[in-house]
Structures are given as C-alpha cells and as structure tokens.
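Every value quoted in this text rests on a predicted model; they were computed, and no experiment measured them. Because only heavy atoms are used, hydrogens play no part in the values below, and waters and symmetry mates are left out as well, while side chains stay in.
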Amino acid sequence: MSLKIYNTLVRQKEEFKTIVEGRVNIYVCGPTVYGHSHIGHAKSYVSFDIVVRYLRYLGYKTLYVQNITDVGHLTDDADEGEDKIEKQSKKDRVHPMQVVETYTRSYFEDMDALGVVRPDISPRATGHIIEQIEIARDLIKKGFAYEKNGSVYFNVTKFKEYGKLSRRPPEEMEAGARVDVNPEKKHAADFALWKKAESEHIMQWQSPWGMGFPGWHLECSAMSMKYLGETFDIHGGGMENQFPHHECEIAQSECSTGKQFVKYWIHNNMVTVGGQKMGKSLGNVINLKDAFKKYSPLVVRFFILQSHYRSTLDFTDEALEGASKGLEKLLNTIRNLREEIEKLRKLEDRKIDAQDSSFKSQDSGFIDLAGFKKAFGEAMDDDFNTPQAIGILFDLNREVNTILAGGKTNMQTLQSIDALYNELGGTVLGIIPSHVETQTSSGADENDLIQFIIELRTEARAQKLWAMSDKIRDGLKNLGIVIEDKKDGTTWRRG
RNA sequence: GGCGCCGUACCCAAGUGGUAAGGGAGAGGUCUGCAAAACCUUUAUGCGGCGGUCCGAAUCCGCCCGGCGCCUCCA
C-alpha cells in the first residue's frame, strides 16, 4: 500500500508521489487574524496537522509553511469593501498591527491546545510586500496584468486555464455575477494584485504604482513560492477558498513562472452547527475559547478526527458528548495499561532482588500488534481516513482490555502495546497524550491524602461497613475522584 | 441561474462492485457487597424512494424526493 490523496485538481484520489524523493513541501492557507479562532479553524488545522504528522510518520522530510494574513483580505472578495484588519482596528481603536498581534497569539494558543503541531514557517503578508510587488511587476511585464488608477489587476482572459481548479471558467462567471462590476476591471472576473490606498488607510506601502497594499490572493503565491519553490507538492485550504482564492493563486503563480504551481490540492470541508452552516452572517459562530469551556481541546480534536476531513462536520452537543465518552473509554484503557506496567516494574525489581526467575515465565494473551499497525496504515494511506483509523484503535482496545482483565500479562507485551498506542494514537493522531494521569504518575501530597482515604475505606469494607464505604466513594466522586474496586485492590482517577 | 456535495440503525460515523467497521445511547448476561470499569451477547436481510446494468450494488447508471455548500462574509 502507498499513500493516496484526493486531489481537487483532478477530482479523484491519486497515488502520492513527491517532486523530490523523500521530501514534501506543503503550504496551507492560514488564518486572517482579525478575531478569535472558531471551530471551523479547528477542523481545518487539525485536518492538515494530520496530513503533516502522517507524512512525517511515513518518513518524508516535510517542510510545512502556513501564512498569517495580516493585510489585504477585504470584507468582500470582489476586491471591494474594507480591509478586515483595518476594520477591526477601528472597532477596537487600536493600531492594526496590535490587532494582528493579539489574534495571532490567540490563534496559536488555541492550536497548541488542540495539539496542532506548529508550522515550520509562519510568514506574514506584511513581511513580504517586496516579494508581492515583484510578482505583480512581473505579471504586468509578461502581459498578464494591467495597472489602472494606481491599482493592478490580473487579466483572467490571458490565462486560458483560469477556472481549472474550481471548474468555473470566466465566461460563465459574467452571467451569474452577483456583484457589480468594478469599472477599473477589463473583465468582471479580473482580480486585484495591488490596490491603491486612500490617504486615511493606515496600512500602505510604496510601490511602482504609488502608495497601496497587496491583494489578498497574492500573498499566498509570494510566500509559498519563496519558501517552497515555484512548484511544490501540496497546497491545502478550506473548500470555500477553491474559488476565488486558490484559482487566483494558480493564475498568478503559473503565469509568472510558466510552471505548474502545485501538484496536489487538498481541501477540507466545512463545519455546520445544528445542520446549518456556520457563518458570521448567521451569528452562529462558535469560538474555540468558548467551546473549550465545555469540552476539552482533546475531545474537540477527537471529535473532528472521527469524521473524514472531506465531510462536513456537524457540531452538536449530543455528538460532542458521544465523542467525549468514546475518548474516555480509549484513554481509560491506556491508563490501566500504564498502571499495569508500573505495577509489574515494581514487582520485577523485587523479584530480581530475590533472584526469583519464575516471574518472567508468565504468559500473555496473544495480540497481533503488527496486524493492527498494518490496518491502521491502510486506513491512513487511503486519503487520511482517520475515522477508520480510530476504529482500529478501538478494536485494539478491546483486545488489550481482555488481556488486562485476564491478568496474564508480561512486561514485554505490555510495553509493546503501549509503544504502539504512542505511535499510532500519539504521534500520528495526537489523541493519546504521552502522560495520562494515573494515581502513580504524580506524587503530590494530595495524592497521598487520597490514597490514605482509600485505605480507610478498604478497612471499612473489610468490616462490611457498606454505608460508610459508599459514603466515602460518593464523597470523593463529588470532589472529582472516581474510585474503582478491582480484584487486586482499589484504584482511583480524576474523572 | 451556474458548479458541487450529501442522505448508512435512536444519535455520530467508516465502507464506493463481493454480501454492512467503530463510537455513543438502549437491552440481556458475567464479575462485584453494591457501584464503576471491563468483557460477552444483542439492536439495519438492509444503506432516502423507484427503476436499470451485473452472477452479484449501500457501492455503477437513470429518474424522483429530501438536506446542504460554493458562486457575498467565513477555515
């Protein structure tokens, strides 16, 4: 088996082949930082996090670039309207760059919480004005763009392949255009590479066409090609950006270089809330910081990965609760597994001291770890099928629980299982933390106190004082400590 | 109007030609003082409907019904 990726350019799954052997260059459209991130961002960046994690897991030396859009993204994609950052800065009465800084930090804070591995390079549009001007100049020189009143527009009629990604040729655009045609443009579908700035516009730069600022699409071409080359392997982004954003990126880049821009286009689907699209105009946007108050970031991540990245994800309390329970089940097993390993380690130390070799002869249930690993890989190879991969983790879970319950274990098997969980659920999916809290994993005074209370309860139970022992258990539960009586003693966890 | 997606049990969700993964919820059982956890069994002769192709279809084709998205904002 080898990795297959659904390429929007050809609308089907293709075998993944890198441009340079063993290396992958990937660019993903980053956020426009004028507000806090919402669950749509979470779905998008968790999805691409999986792409990057899996590529690295497969051994590809992966360079991941994701931009921060801090200028040029207008409130209207038809090159009209205000700059989003400037608009927010007026609202908050702070400098645009303060808006940018505030929400960039907020973005990374949320992504870190979700376990999203940071991009290798997070370039900002304002830091690449020179590169953007250079492409605009080049396109004018080559006859693909024209200047009008201090603004520069790309002439879509000069690029016969315009529309190849979104399958939306410009001829068809004109008829159904909803927006008024900008009189500066030769064709309704022409888009801005550079916009003339009015004097009150705070963010503006010197250019060959006077003071102005870059068009939204241009930054991605400039920054991706600067760091990844004129042709690179993967470009990702949200489905809604297929048109016009990505279509425009292709036009600018390919006309400028004369080469193919990107080999594989990956687009992730959208989040709906209660069956409806999530959008500002509908007022149903769920910010991550709010969502995290109710569901842990790990639950949100797990929930996202339980559906495929090309499917829409419906955000409902019922579904999140289900995901929360499911993840708890998975992590419970990991906790029990690691506690068992801890227990055996202590036992082993003692036995070795006593020169008793009988301990090691204990047999364990057979578990086909290689088979699970293979099945997991096949799921991921099939266009990053995380729901199926998670299903396999649950299959593994059942077998591990059976082994743990049977009590016939040995160190080596348990450690191999733990290593596999770490590899598949940890490194690749990022849903199994390397440290799941156990009663032995942290040694605070509080833990000793809990242990002491449990001992008292054990004594009460020995005397069959059920009312008392139940009272202790209920009391601890109210404090967030869950007690479980097992064959060989009582364990506890924070629940 | 143009382009596209989806409809799988009570809920979420894989499966895209070979006879329905997984999670949640529910039911029964084992273990346990009880509980929890765990395990076992169980819950779609059927995958929106109707036709068609095929030895064989949830999967391919056609029509119909229903829901949604992009072409404004938004990942």
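Residues in residues 298-313 of chain A take part in these salt bridge (charged side-chain N to carboxylate O under 4.0 Å, His left out) pairs, two or more places apart or across chains: D49(A)-R301(A), R310(A)-D383(A). Listed by first and then second residue, the salt bridge (charged side-chain N to carboxylate O under 4.0 Å, His left out) pairs involving residues 322-334 of chain A are E328(A)-R493(A) (not counting sequence neighbours).
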Set out, line by line, the N/O atom pairs under 3.5 Å between protein and nucleotides 65-69 of chain B.
| from | atom 1 | to | atom 2 | distance (Å) |
| --- | --- | --- | --- | --- |
| G69(B) | OP1 | K277(A) | N | 3.3 |

I'd like a list of close polar pairs between nucleotides 30-37 of chain B and the protein, N/O only, cut-off under 3.5 Å.
| from | atom 1 | to | atom 2 | distance (Å) |
| --- | --- | --- | --- | --- |
| G33(B) | O6 | R461(A) | NE | 3.4 |
| G33(B) | N1 | D470(A) | OD1 | 3.0 |
| G33(B) | N2 | D470(A) | OD2 | 2.8 |
| C34(B) | O2 | R473(A) | NH2 | 2.6 |
| C34(B) | N3 | R473(A) | NH1 | 2.9 |
| C34(B) | N3 | R473(A) | NH2 | 3.4 |
| C34(B) | N4 | D485(A) | OD2 | 2.9 |
| A35(B) | N6 | D485(A) | O | 3.1 |
| A35(B) | N1 | D485(A) | N | 3.1 |
| A35(B) | N3 | R473(A) | NH1 | 2.9 |
| A36(B) | N1 | D485(A) | O | 3.4 |

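Looking at residues two or more places apart in sequence or on another chain, you find a salt bridge (charged side-chain N to carboxylate O under 4.0 Å, His left out) between K486(A) and E484(A). In this structure T458(A) satisfies the side chain to side chain contact (heavy atoms under 4.5 Å, CB included) test together with I454(A), T490(A), sequence neighbours excluded. Evaluation of the salt bridge (charged side-chain N to carboxylate O under 4.0 Å, His left out) rule for E240(A) yields no partner, not counting sequence neighbours. A search for ring-ring contact (aromatic ring centres under 6.0 Å, His included) contacts involving F154(A) returns F191(A), not counting sequence neighbours. Evaluation of the salt bridge (charged side-chain N to carboxylate O under 4.0 Å, His left out) rule for D290(A) yields K293(A) as partners, not counting sequence neighbours. Scored by the salt bridge (charged side-chain N to carboxylate O under 4.0 Å, His left out) test, D112(A) finds R118(A) as partners (sequence neighbours excluded).
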Solution key, residues 388-399 of chain A side-chain donor-acceptor pairs under 3.5 Å, sequence neighbours excluded:
| from | atom 1 | to | atom 2 | distance (Å) |
| --- | --- | --- | --- | --- |
| N397(A) | OD1 | Y421(A) | OH | 2.7 |
| N397(A) | ND2 | T333(A) | OG1 | 3.0 |

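Going from atom CZ of F303(A) over to atom P of G23(B) covers 17 Å, rounded to whole Å.
In the set A75(B), A14(B), A21(B), the nucleotide with an atom closest to the side chain of D395(A) is A21(B).
For residues 384-394 of chain A, proximity to RNA chain B is found at N385(A), P387(A), Q388(A), G391(A), F394(A), defined as any non-hydrogen atom under 4.0 angstrom from a strand atom.
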